[in-house]
Amino acid sequence: MANTVVVAGGGPTGLLVATELRLAGIDVVVIERALEPPKESRGLAFQARSLDVLNKRGLKARLGDDIPVFGRNHFALYWVDMESLGVPPMYVLPQWRVEEVLEERARELGADVRRGHEIIALAQDEDGASVTVRDGEGAEYELRGEFLVGADGGRSTVRKLAGFEFPGTGSGFYGILADVAEFEDDRERVEVGLFPGGVSGEVQLGPDRLRLMTTEFDVPAPDDSVPVTIEELKESIHRISGKDVKIAEPRWLSRFSDSTRQAAAYRQGRILLAGDAAHVFYPIGGQGLNTGLQDAFNLGWKLAAEIKGWAPEGLLDSYHDERHPVGAQVILNTRAQLALLHPLDKIGPLRELFGDLLKIPEVGRYLLNLVAGWGIRYPISYEGRDDAADLLGRPVPDAELKTAGGTTDVASTLHTGRGVLLDFSAGSADLAALTGFGDRIDVVAAEPVTEIAAAVVLLRPDGHIVWADPDGSDTEGLAAALLAWFGTPAEQ
Ligand SMILES: Cc1cc2nc3c(=O)[nH]c(=O)nc-3n(C[C@H](O)[C@H](O)[C@H](O)COP(=O)(O)OP(=O)(O)OC[C@H]3O[C@@H](n4cnc5c(N)ncnc54)[C@H](O)[C@@H]3O)c2cc1C
């Protein structure tokens, strides 16, 4: 099958990769083991950066106007008020809802999403990758793509079968997550609390739904084959907090761990890894979904460009180069947070000191931005061009744009998934270098905006700034940036 990408896994990462590929007109088949979309969610905390990504594809509106804002986030259970620090808010949005919107969009754009199908074997050669799929009836069939994307979660079959190295540490922690209908405690309700033996917390999700979450330190989780029960949860809460609680009607129960690993390479020939398949870490601060969505956003357009034939040399490999350090940074901060939680008898003085440090606004801002993935900037620079260097590599901020055709905003200019040249020069910039890029880049002329201090700005399809010229006079610079990110111009 030509021009096809096979995506393993229809979780948030795989579904966003699929929508990105379809936007670029690439055929895509998503193989998802689960027959039904999820009705429950591990993820609940949704970062502003994730919302920014969905906004750049016109999907924010589908999530509704009133996504609840969770005004606080924490670093290692030191709670910090995000608003007072000027840090973008964190939202409360169940992961299943994000997946629902992404699946709807992927199907709408023509992605072939096959639920109840599972990848069980694979092989790759120079021209592509083949997978063996088992369908819902147990019948097996072969599927071939020019590329295979492993977005099949932390236990990724693709990663294992393709032999990607996945160094890191196994789990010594044991976590239970439960959504329950009723929860009673004779003395007092359990609150998010740090105890010598672990963490026990709760979040009210609605009038009849409470989320309980425990983590026990230095205790390995029981084997997966042992079903998780409400008794197990009660015993865990008791061991951690000493409290005896009455819990009725569990809606959903699952276990998790602090297994921390990252694929040594995100690409191996025709196979790429994204999301949890590429990195796993302890779920603290709501970082997993955000990291996976940004992997997908970074990868989708590069893979499409490679398949369409206009990708400059090294573009696809820049996926690993840009995203691996981000995954490593997330792993570092989750490990640092865990180190500040346990063992309490040894780190008590450090916690006290760290708590004082966090009262310094710059420190709080730095750490929360780290957790939110807000400060991410890819290493893009051009020799001799330091004047606009501060913008390069950053995601473009959203801003209202006044154009000859009316008012729009920066995010809307990216909805088609193409590159965008924002021309704020009132016609004075020399844009001759753009000739031959009309099939990849849209030009939007608008009045200058204070949020973006440049006369000419070139955006990749994922909204990261790859060229910024203060006065629009550097024609050679623009030509070099186009060549670096959008390949050679089409013949006129
Ligand atoms: C307890 C807990 C709480 C969390 N809370 C948050 C939070 O609040 N905020 C946040 O951002 N993140 C949170 N996370 C992390 C977040 O849930 C994950 O990072 C996110 O689900 C990763 O998405 P993904 O698409 O990469 O992988 P997944 O969501 O795991 O999706 C992978 C998909 O692949 C499918 N699959 C697997 N193997 C195969 C196969 N062989 N063939 C076909 N399909 C296959 C699976 O069925 C699954 O649908 C939490 C995680 C845990 C454990």
Side-chain angles (χ1 to χ4, degrees), residues 6-18 29-38 40-51 70 73-74 90-96 98-99 102-103 113-122 131-136 143 148-162 171 173-179 199 201 203 205 211-215 221 228 252-259 263 273-296 299 327 330 334 371-373:
V6 178
V7 176
T13 305
L15 289 168
L16 184 58
V17 170
V29 184
V30 179
I31 302 297
E32 168 52 50
R33 182 194 279 152
L35 193 58
E36 299 290 337
E40 310 290 348
S41 276
R42 294 180 300 184
L44 199 64
F46 194 65
Q47 301 287 357
R49 182 72 182 101
S50 296
L51 199 59
F70 195 65
N73 198 353
H74 67 90
M90 190 166 75
Y91 298 90
V92 184
L93 186 64
Q95 186 174 323
W96 68 260
V98 179
E99 292 180 42
L102 288 172
E103 184 162 344
V113 182
R114 301 185 188 176
R115 285 198 161 274
H117 292 217
E118 180 181 10
I119 291 180
I120 55 169
L122 62 83
V131 291
T132 308
V133 182
R134 187 184 292 136
D135 72 13
L143 203 57
L148 166 65
V149 177
D152 49 345
R155 295 179 181 181
S156 171
T157 305
V158 170
R159 188 187 65 228
K160 287 178 198 154
L161 292 178
S171 181
F173 288 20
Y174 164 31
I176 305 178
L177 188 122
D179 286 354
V199 180
V203 187
L205 300 182
R211 169 156 295 188
L212 303 174
M213 202 162 153
T214 61
T215 296
V228 54
W252 183 55
L253 280 161
S254 73
R255 294 193 191 98
F256 62 95
S257 76
D258 75 323
S259 178
L273 297 179
D276 278 15
H279 38 68
V280 291
F281 39 82
Y282 178 69
I284 192 162
Q287 303 185 74
L289 178 59
N290 193 31
T291 312
L293 288 178
Q294 289 186 65
D295 286 349
L299 174 60
V330 174
T334 55
V371 170

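Counting convention: from 1, in listed order, for ligands and their atoms alike. Along the sequence shown, residues carry numbers from 1.
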For this session: Kindly indicate, with the supporting measurements, whether the criterion side chain to side chain contact (heavy atoms under 4.5 Å, CB included) is fulfilled by Q47 and N73.
Result: CA-CA 10 Å; Q47 301 287 357; N73 198 353; 4.1 Å; yes

Examine distances only and state if a side-chain atom of [X] and a backbone atom of [Y] form a donor-acceptor pair shorter than 3.5 Å.
X	Y	value
R114	I31	no
S171	D258	yes
S41	W96	yes
R159	G154	yes

Problem set entry | Neighbour list for ligand 1 [protein residues, heavy atom under 4.0 Å] |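 Within 4.0 Å of ligand 1, the protein residues are G9, G11, P12, T13, I31, E32, R33, R42, G43, L44, A45, Q95, H117, E118, I119, A151, D152, G153, T157, L177, F256, G275, D276, P283, G286, Q287, G288, L289, N290.
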
For this session: Check the pair I120, T157 against side chain to side chain contact (heavy atoms under 4.5 Å, CB included), reporting the backbone distance first and the verdict last.
Result: CA-CA 7 Å; I120 55 169; T157 305; over 6 Å; no

